[in-house]
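In what follows, a structure is listed as structure tokens, so that the remarks can point back to it.
Small disclaimer: the values here were computed from a predicted structure and weren't measured.
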Amino acid sequence: MFKLKPSKNYSGSKVIIVNLDEGEAGVLVDDIEDVIYLKNGDISSERSSLNLINDSFQKGKVHYKNRMLTLVDLERVLLFGNLSVNDDV
């Protein structure tokens, strides 16, 4: 579906499973700090002012443990993001 080359298998890596309309996708991440469950009322529609992520990929913000988290629309990123991977990071 994404036509990506297989990545290196990093010991200790985690996978986040994303449910998409087209099926499921696994996203390799270095670590998972916590899993939280949100209600729609917990999510603010306010957009990030830091310009770290394109507004069209944001779902909103949520307060969690004295921090403000930006929620990313992973389905939109995976299907429409036109992303490139920098293996040097």
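Cluster membership check: Val72 shares its hydrophobic cluster with Val35, using side-chain heavy-atom separations under 4.5 Å among Ile, Leu, Val, Met, Phe, Trp and Tyr. Residues Leu20 and Leu74 share a single hydrophobic cluster, defined by chaining ILVMFWY side chains whose heavy atoms lie under 4.5 Å apart.
Partners of Lys65 according to the salt bridge (Lys or Arg N to Asp or Glu O under 4.0 Å) rule, which considers only residues two or more places apart in sequence or in another chain, are Asp34. Remark: Val15 engages Ile17, Leu28 in a side-chain contact (heavy atoms from CB on, under 4.5 Å) (not counting sequence neighbours). Annotation: side-chain contact (heavy atoms from CB on, under 4.5 Å) contacts of Leu38 (sequence neighbours excluded): Ile36, Asp42, Ile43, Val62, Leu71.
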